[in-house]
Amino acid sequence: MELLDKITELKTKILEEINNAKSSQELKNVTDTFLSKKSAFNGLMSNIKDLVGDAKIAFGQAMNKARNELNEALKAKQESLREEEIAKKLASESIDITLPASNEQMGGINPFHLITDEIIDIFVSMGYEVKEGPDVETDYFNFERMNIPSNHPAREMQDSFYITNTTLLRTHTSPAQAHVMDEKKGQPVKIICPGKCYRRDDDDVTHSHQFGQVEGLVVDKNISLANLKATLELFLRRMFGEKREVRFRGSYFPFTEPSVEVDISCMNCHGKGCPTCKGTGYIEILGAGMVHPHVLEMSGYDPKEYSGFAFGVGIERVAMLRYGIDDIRRIYQGDTRFLKQFNRK
Amino acid sequence: MKVSLNLVKKYIDLDGLTPEVIADRLTFAGVEVESISHLASGSKLVVGEVLTCENMPDSDHLHLTTVNAGPKYGVLHIVCGAPNVRKGLKVIVAVDGCVLPGGTIKSGSIRGHVSEGMLCSLLELGVDAKYLNEEQTKGIEELKVGNPGDENVLELLGLDDVILDLKLLANRSDLYSVKNVAKELETLFDRKAHFDTYEEVKGDKNEIEVNSLTPNCPQFSLMVVKGIKVKESPDWMKEALRSSGIRSINNIVDIGNYVMLLTGQPLHMYDLDKLPKKELIVRDDLEGDFVALDEKTYKLQKGDITITSDSKVMCLGGVMGSLECAIDENTKNVAVEAANFNFASIRRTSTRLALVSDSSQRFVKGINPNQYNEVMSLTLALLKDLCEAKENSSVNTYLKEEYKPLTLSSSCTYINKRLGTSFDHSLIKETLEKAFIKVTELDNDKFTALIPDNRIDINSEADLSEEVIRILGFDKIVSTLPEIKLSVGGLDPNVNNKRIVRSYLRGIGLDEQLTYTLVDEKEAQDLSFFKVEEPYKVMNPLTDEREYVRTNVLPSLMNALIYNINHGNNNVSFFEVSDIFSEGGVKHIRLGVVLYGNKLRRGKLVSEPYSFYDLKGIVEGLLNLYSIDNKRVLIERSTNKDLHPGKSALVKVDNKPLAVFGELHPFALERYSLKEPAYVLEMDLDVLFSIKTGQKKMSELSKFPPVNHDLALVVKKGITSEEIIKEIYKVNRELIKNVEVFDVYEGSHMKEGYYSLALSLTYSSFEKTLVAEEVSSLEESIIKALESKFGIELRK
C-alpha cells in the first residue's frame, strides 16, 4: 500500500535527520520541521479520513508505531546530546588539581611543648596530678628544702641566677615538690611538675641557661626503689618504645637516697653500641631516687611511716634524642621552618 | 680525680681485672669513671743503641743512623731528624708496624734512603708536654735504663700506667684519696687491700704553740721537722705524681702533694725559721691585705680562716700559704700542718677570691676528721726518706672536742622495705661489712652500724640502704608497680586552660614559640600593654642580654620575628603562652601573638596582608571558646603609645581589660628595625581563665523558615557598624535573629563624609511563618529607628 510506504519513507528520513543532529538546537529544528502539528509527518494523518475498515486500522497503527519510534529516537538523541554537552562543559571547566590548596594546617609546635604534653599525658593516664611551681623561687625552697643547706658542696653543681640573696631563678623543678607536700599536709602525693629552670651556663650546642624539666614525686606508705623502677619502665617504654631496657646506676643527689641515674637501651642500635650511645648501648635519660628522709621530714611527713620516690626528666634532652635535634639553641630561636616540622604526630 | 692504677696496685692486687671492668663496676656503684686513659702507648717499641750517625747529604737536619735493636730485630737503618741523635745513645725504637697515638710506623724510604722505623720522643708516645723538660720536647728520649732489645719500654720508663678519671659527686669526697679508692675496690671486688703502717710520731716537745680561736677550725695539728735538704724527688715519686696529673717541683712540695693524694688530707708546710713568733694561731676575725705564695695580694674579710703568728697571717687556711713563710730551696726546718676546716668557710673564701686549689677542693667537700696522726706518721717517714730529715718534734694538736665515730641503728626490714627487695638478713649485714661498716647484731633483724671515719657521707639509715644496693648491684631490683589508693589525677586548672588556648591557636594555624625568660633592660618592660610590677633583676647575669626577668612575652616574640625575617621567613604568625613573674612574687599568665607579612591562604597564589581584623578574630575566637556572651564584651580604641591609634583596640570583659592588640606604631616598628607593619596582641589569660560562665543550655531552633533581607545604608563616617547593629536589634529582639555586614563601601559614588554599609538581616519567628506585611513593617521600623537615632538613610 502506497500510504504505508510513505510513512516508512518519511519515518526513515526523519530518523536520519534526528541522528544527524549535532546539538540540542539542531534537534529542536528537526522536531519543529518534522514533528510539529503542521509538519509533513502529521500531515499524513489527514489521509485517514479517506480510509475505511482494515485499511484505516492498518494506517492508524502504522502511524502510531512510527510516531512512537520517532519519539523514542528523539528522546534517546536528546539524552545523548545532553550528556555530550555536559561532558564538554565539564571538560572545559577542568582545573589543575596540583595547584596549592587552601591552607588549613595546624600551626607548628615547639618540640619542647610536644614532649612536655606527651609526658603529662602519660602520667595523667596513670592517675598523677599535674602541678606547676613558680620560676622565681626562694633559696629556702630551691635549696634548703631539697636538703642543700647554704654552702653545701652540692650547690656548686648548680650555679644559679640570683635576684636577691634569698631569691633566685629555680635551678630545678624539685622545689615544686616541697610546695605540693606543704599543700597536701601529710596526705599521699602523686604528682608531676613540668616547668622551666635556669642555671648560669653559657649557651652552646648542648648547654642552655634555660631548660625544662618534669619532676615526678610519689609519697605514700610502703613506696620503694622497686616501685620507682617499675614506674619509670612504664613511662620510658611508652615514650621510647616497648623494647627499651631500663637500668639504674648509682649516683648522688642531695634530696634522694639512694640516688640513681637512669639509662635506657639505645633506640638507634638496641643496645649493640653506636655513635648515638657512644658505643655503650645505653643512653642516660634521667635522674631519680628515693626521697631523702630529711626532705620528707621538712615537709611534714614522718619518714618512719612514709617513703617516696622522685625523678626529674630533662625535656630538651628527650626532645633532642627523639627528633635528632643537633643544637639545643634551635628550641629557643623560634625559626618557623623548625617549628612547622613538628605540627604532626 | 685522676687515679693511677699503678699507684692503686701498691695497695690491692688487680690481676685479671682490665681497666674497663674496674671502670664499669665503679660507675654502676655510683663512682662514675669519666675516662680511661693511658699515660703513654705504643706497641712494638724496643730499646736500641745508635751504632753510627751521619748527616744526610742534601739535608740540613736529617741523620742517617744504624741502630742495634737487639737480637730479634737486628741492626736497623733509620732516618732521624732529632738534633740530639748521636752515636752511642740509648734510644726508644718504634719498629715496622708499631702503633703510636699519632699513627702506625712503617718501613719506607725518606729521600731515597731506607728507614726501617722511628726513634721516638716521649711526646710521640703520648706523654703530655707539661711533664717533660725542654730537651725532652725538642729531641728524642735519651734512655738511662734498659738494654738493646728490651721490649718493655713503657714499663722501664714508668709509663705503663692507666689513669681512671673519676667524676666525683659531692658525696664521695673520701675518694680524693688513692688509699680510699683501693678500699672501694676491695669493697666492690672482694679483694683484700693492704696498707703500710708507719711508726707513730715521737719526739721532743713541740716548740710551736698551737691554738684555734674559731669554731670553724675544729682540729689543728703541727709537727716540727729539722735538718731537711730540698732537692729533686726520686723517679718513683715523680712518676706517681705525673700519673695523677701533678707536676713534680721538689722533694718537700712533692711530699705534701703525695700525702694528700694518698690520704686525702691536705698539708701545709711553713719555713720554721721565717715564723715571726713560736706560735700558730687559727683565727677568722682579721681584715686587710694578704700576700700569698703566688705573690699576689688578696683582701681578707672577717670570716676568712687565717693561720697567724704574732698576729700576722702566715696562711689563708686550707686555701693558700703566705709568701712570707714559704718554703724555698734554702729551707732547713719546717712546720708541717694537718688541720680540718669548716667546708662552708673555705667555700666562701675560695669562691670570693677565685682561689681554687687541690687542697681547698678537698676541704670544701669534707675530709676524714680522724686521720691526722696517721698522716703525720706517713709525712715524717717520707721526710726522713727523701729529705734526710734529722730530727722532729711530737705532734702538737688543738682539738675542739674529742672525735666520736658515728653509730647508726637500723634493721634489715627497713632496708628491704626501702629498696623493695627481699635480701637475706645475713647478706645485708655481710654487704655492709664489705663497706667497712662494723655491724653489731641486736637481733636477727635489728643492728647497729659503726661508720668508718672516711665515710662522712653516711649519716642516716637511708644511706645504709644505698650502700647495700650499690654494692650488690641495682640490677638486683625487681620492678614492682606501687600499690596506691586510687585518687583523681589530672591537670591543674591553669595547666589545663593553657593547653586549651594553645591547641586552639595551633588549630587556626599559628606556630607555637618558646623564648627565653631572661631579657635585656630594654625588653624587660617594652611593649607592655598591661600594667605590670617592676621586673626582677638578676644580680649575677652572664651577659647584659640576659639580665632581667621579662614582664611580657611580646619583646621576645619580636626578636623571634627578626630572627625569622633574617632567615628569609617573611610571612609568619606565631604565639607564646607563658607564666610571667615580677617583683613581689606576682605571677601572670600571658599570651603574645605576632602576625607579619601575608596570610598565605593558598600559598602565594592567594594571599592577603595580615590586618587588625586577624587579631580581632583571634580574640573573638577565644571569647567564643570560653562561651563568653557578647553582651559582656566591650571593644574600644587603645590609647597605647606603641600602637597605631587608628588600628588598635582594647577588649574588656565585664569591664576588666582582657586584650590589647593592633598594628605597631611606626616608632615601635623603627625600634625593631621593621619595614612592614607588624600586628601584635597581648592577652591577660588570668582574666580569660577566671571569667565565670553559667551552665550551657541548648537553645530552641525555630520550625518555621527564616526570611532574609538586605539593607544598604548611607552612614555618616564615625558611626560604627556595631552601634547600628545594636540599634537594629533593639527594634524587635524576638524576630530579628541575625544582622551581618556584607559590604562596606567608601568612594567616589558616596557624598563627602559618608560611607555605604550593606547589611544582611534574618527574621524568624517561633510561632509562624512570617508574611510579607510583617517583614515590610519590621523594615520600616528599622529604617525609622536608624533615621531618628543616626540620621541614616537608605542607599538609592
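In what follows, every heavy atom counts, from backbone to side chain, and hydrogens, waters and symmetry copies are set aside. Quick note on labels: first sequence line is chain A, next is B, and so on, each numbered from 1. Note that this is a predicted model, so its numbers are computed, not measured.
The choice from B:Ala560, B:Pro482, B:Ala29 that makes the most heavy-atom pairs within less than 4.5 Å of chain A is B:Pro482. Between chain B and the options A:Glu261, A:Lys221, A:Lys196, A:Glu104, the largest number of non-hydrogen pairs under 4.5 Å is found for A:Lys196. Chain B forms more heavy-atom pairs under 4.5 Å with one residue of A:Met126, A:Met290, A:Arg337 than with any other, namely A:Arg337. Interface check for chain B: of the options A:Thr231, A:Asp135, A:Leu99, the most heavy-atom pairs under 4.5 Å are formed by A:Asp135. Contact tally against chain B (heavy-atom pairs below 4.5 Å) for A:Ile223, A:Thr336, A:Asn103: the top residue is A:Thr336. Looking only at heavy-atom pairs under 4.5 Å with chain A, the residue among B:Arg546, B:Glu461, B:Lys587, B:Lys604 that has the most is B:Arg546. Between chain A and the residues B:Ser173, B:Ala462, B:Ser345, the most heavy-atom pairs under 4.5 angstrom are made by B:Ala462. Counting heavy-atom pairs closer than 4.5 Å to chain A, the top-ranked of the candidates B:Glu512, B:His567, B:Arg502, B:Lys485 is B:Glu512. Taking chain B as the reference chain and counting heavy-atom pairs below 4.5 Å, the highest number among A:Gly334, A:Ser150, A:Gly289, A:Ser125 is found for A:Gly334. In terms of heavy-atom pairs under 4.5 Å with chain A, the best-connected choice from B:Asp492, B:Ile477, B:Asn540 is B:Asn540. Among A:Ser224, A:Pro303, A:Pro293, the residue making the largest number of heavy-atom pairs under 4.5 Å with chain B is A:Ser224. Counting heavy-atom pairs closer than 4.5 Å to chain A, the top residue among B:Thr515, B:Leu605, B:Thr517 is B:Thr517.
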Exercise. Does the side-chain hydrogen bond (donor to acceptor under 3.5 Å, both in side chains) test come out yes or no for B:Thr421 and B:Asn416, once each step is laid out?
Worked result: CA-CA 5 Å; B:Thr421 51; B:Asn416 269 328; 2.7 Å; yes

Exercise. Checking side-chain contact (heavy atoms from CB on, under 4.5 Å) for the pair B:Ser607/B:Arg601: CA distance, chi angles, key distance, verdict?
Worked result: CA-CA 5 Å; B:Ser607 68; B:Arg601 297 195 184 282; 6.0 Å; no

For this session: Please lay out, stage by stage, how B:Asp463 and B:Ser460 fare under the test side-chain hydrogen bond (donor to acceptor under 3.5 Å, both in side chains).
Result: CA-CA 5 Å; B:Asp463 296 316; B:Ser460 75; 3.2 Å; yes

For this session: Check the pair A:Tyr162 / A:Asp139 against side-chain contact (heavy atoms from CB on, under 4.5 Å), numbers first and verdict last.
Result: CA-CA 9 Å; A:Tyr162 274 91; A:Asp139 187 278; 3.1 Å; yes

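Of the atoms belonging to A:Leu168, not a single heavy atom falls under 4.5 Å from chain B. Heavy atoms of B:Phe28 lying under 4.5 Å from chain A belong to its backbone as well as its side chain. For a residue to count as touching a neighbouring chain, one of its non-hydrogen atoms must lie under 4.5 Å from one of that chain's; by this rule A:Asp220 touches chain B with the side chain only. For chain A, no part of B:Val468 is nearby; none of its heavy atoms comes within less than 4.5 Å. The parts of A:Pro134 that come within reach of chain B are both its backbone and its side chain, each placing non-hydrogen atoms under 4.5 angstrom from that chain. Only the backbone of B:Leu600 comes within less than 4.5 Å of a heavy atom in chain A; its side chain stays farther off. Residue contact with chain B, scored on non-hydrogen atoms closer than 4.5 Å, involves the backbone and the side chain of A:Asn165 alike. Heavy atoms of B:Phe574 lying under 4.5 Å from chain A belong exclusively to its side chain. Looking at B:Lys476, neither its backbone nor its side chain comes within 4.5 Å of chain A, counting heavy atoms on both sides. For B:Arg470, no part lies near chain A; criterion is any non-hydrogen pair under 4.5 Å. With a 4.5 angstrom heavy-atom cutoff, A:Tyr332 touches chain B via backbone and side-chain atoms both. Contacts between B:Asn564 and chain A at a heavy-atom distance below 4.5 Å involve the side chain alone, from C-beta outward. Contacts between B:Ile469 and chain A at a heavy-atom distance below 4.5 Å involve the side chain alone, from C-beta outward. Interface residue B:Val538: backbone and side-chain heavy atoms are both found under 4.5 Å from chain A. For A:Thr167, no part lies near chain B; criterion is any non-hydrogen pair under 4.5 Å. For a residue to count as touching a neighbouring chain, one of its non-hydrogen atoms must lie under 4.5 Å from one of that chain's; by this rule A:Glu233 touches chain B with the side chain only. Neither the backbone nor the side chain of A:Val219 comes within contact range of chain B; no heavy atom of the residue lies under 4.5 Å from a heavy atom of that chain. For A:Val246, no part lies near chain B; criterion is any non-hydrogen pair under 4.5 Å. Contact of B:Lys537 with chain A is made through the backbone alone, with heavy-atom distances under 4.5 Å. Heavy atoms closer than 4.5 Å to chain A are found nowhere in B:Arg172, neither backbone nor side chain. Looking at B:Asn569, the atoms closer than 4.5 Å to chain A (heavy atoms on both sides) all sit in the side chain, from C-beta outward. Heavy atoms of A:Arg247 lying under 4.5 Å from chain B belong exclusively to its side chain.
Using a 30° and 60° split on the angle between ring planes, A:Phe253 and A:Phe255 fall in the parallel class, below 30°. Using cut-offs of 30° and 60° for the angle between ring planes, the A:His292 and A:His294 rings count as perpendicular.
Side-chain contact check for A:Ser265 and A:Glu245: no donor-acceptor pair (N or O, by modelled atom type) lies under 3.5 Å. Judged purely by distance below 3.5 Å, without hydrogens or angles, the side chains of A:Asp204 and A:His207 pair a donor atom with an acceptor atom. There is no side-chain donor-acceptor pair under 3.5 Å between B:Glu576 and B:Ser556. Side chains of A:Glu137 and A:His179: a donor on one and an acceptor on the other come within 3.5 Å.
In this structure, the ring of B:Tyr516 has its center less than 6.0 angstrom from the ring center of A:His209. Aromatic pair A:Phe161/A:Tyr198: ring centres not closer than 6.0 Å. In this structure, A:Phe123 has its ring center closer than 6.0 angstrom to the ring center of A:Phe235.
Note on B:Lys498 versus B:Asp579: salt bridge recorded, some NZ/NE/NH1/NH2 to OD/OE distance being below 4.0 Å. Look at A:Asp121 and A:Arg238 and you find no salt bridge, because none of the NZ, NE, NH1 or NH2 atoms lies under 4.0 Å from a carboxylate O. Of the charged side-chain nitrogens involved, none lies within less than 4.0 Å of a carboxylate oxygen, so that A:Glu257 and B:Arg418 do not count as a salt-bridged pair. Ion pairing between a basic and an acidic side chain is recognised when a charged N comes within 4.0 Å of a carboxylate O; A:Arg330 and A:Asp335 show no such pairing.
Atom CG of A:Asp117 sits about 9.0 Å away from atom CG of B:Leu491, to the nearest 0.5 Å. Residue B:Ile367 holds its CD1 atom at 14.0 Å from NZ of B:Lys365, rounded to the nearest 0.5 Å.
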